[in-house]
Amino acid sequence: MKILCSGDLHLGRRSSRLPDGLDSRAHSAAAAWTALVDLAVEQRVDLVALSGDVVDKDAAYFEAFGALERGVAKLKAAGIPIAAVAGNHDFAVLPKLASSLGGGFNLLGRDGKWSGVPITRDGKPALYVVGWSFPETSGGYVAESPVRSFPSFRAPEVPVLGMLHGDLDQPASRYAPVGAGELRAAPVSFWLLGHLHGPKLHEHPGAATLLYPGSPQALDPGETGAHGAWMLELAPGRTPSVQHLPLSTVRYDAVEVDVTGAAHFDEMERRVAEGVRAHVQRVAEGGCGPLRHLSCRLRVTGRTPLHRQIDARLRDRLHELAPEHGTVAARVEKLEVATRPTADLAELSRGNDAPGILAGFVLALDARALTEGHERLMGDLTARAMEVRRARPYQPLADPPLAPEHLRELARGQALLLIDELLAQKEAA
Ligand SMILES: [Mn+2]
């Protein structure tokens, strides 16, 4: 049995925070659903399974329902049935739609009551699908685990696919909290879950796999990484196999670039450009399907004397940073500068303020020329370090004793951190 799995489509929504000039309809949940349907027909799957939040709560009516209707009609014409459950977004609308979509669209678990449907292949039963939906009257909130009311039934000879929209291992959640343990105790071969927009696969030896397929179209910068659908193959007596198939035209990623040591703007900009370019290349060459737009949240880190000017300088030029690789174009959607200054210790040590005194201490440590005051400080520090070591929780770590070399490194590191902190406070003031 080949089953194309998806969920959290949120039909009616489009990928957010794209640059001006991109056709947002091409980057919509509806467009990804259309691509998913084409894939199902092309791959001659036996079932399309949708784990809830198929339609967004605030959906654009015609975009969502028009696309759903056309996709379902195309699947039906190809003889491919659909199994779906309702989530906390479409608890009210999906049951109504299911009635108008007619046979072939199987909404399971209406009114929060588990129900199942046999799926045949070549006229013979080949799979049993069992599912639970958010009740129409729930308002999108269910505080108890639906698995408590899981029916006791004699496991059929064929594999069983379980479907449910809910929050895994979050007992306090109001969105149908379920435990991995209770799911795996049920006579189900594979669980298709919904609610998380990022894909998540939970495999456990000798027990059912749990899969959050994630939205087929990435919709928000918080939903990083590859998005698509999953091809599941189930056969009696065989371990289920799943494969991620990229479908999203948009991908959101966090990209970090370290500019430590960059002494000139040219060098800093070269490193940033190189970091983003290398990321696009990695993604584009990693098998990214129909991906067109890579939206990056750029974080610049490291120690550099340019520290204070980087933000203004980069922000001005970010629009010029638009590397492409193959069919994928990248843009920086957001910039975070988390660099630190390279403190000039000799310069600092001329001052009589706290950073100056700390800088003098670090220089004295490096030169192994401690003043009397420094010696006293090291003495205090050693005593404090020994006290911490003797504390009960650290007993197992208390051997070997602290070497002077180690203490010096500890003092040096802490002094540098403190200098950074003090300078940052001065800057912010
Ligand atoms: Mn949800």
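Read the numbers this way: they start at 1 and go in the same order the structure lists the ligands and their atoms.
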Check: L94 and S133 side chains under 4.5 Å, non-hydrogen atoms: no
2.8 Å cut-off met by an N, O or S atom of H89 to the Mn ion (ligand 1): no
For the Mn ion (ligand 1): the N/O/S atom of H195 at shortest distance: ND1
ring-ring contact (aromatic ring centres under 6.0 Å, His included) between H165 and H89, intermediate numbers included: CA-CA 10 Å; H165 194 93; H89 267 257; 8.2 Å; no
Plane angle bin for W114 and F150 - parallel if under 30°, tilted between 30 and 60°, otherwise perpendicular: perpendicular
D8 backbone or side-chain N/O/S under 2.8 Å from the Mn ion (ligand 1): no
For E256, the option from R271, R297, R299 that meets salt bridge (charged side-chain N to carboxylate O under 4.0 Å, His left out): R299
K200 side-chain N/O to P213 backbone N/O, donor-acceptor pair under 3.5 Å: no
N, O or S of Y175 under 2.8 Å from the Mn ion (ligand 1): no
Shortest-distance N/O/S atom, D53 versus the Mn ion (ligand 1): OD2
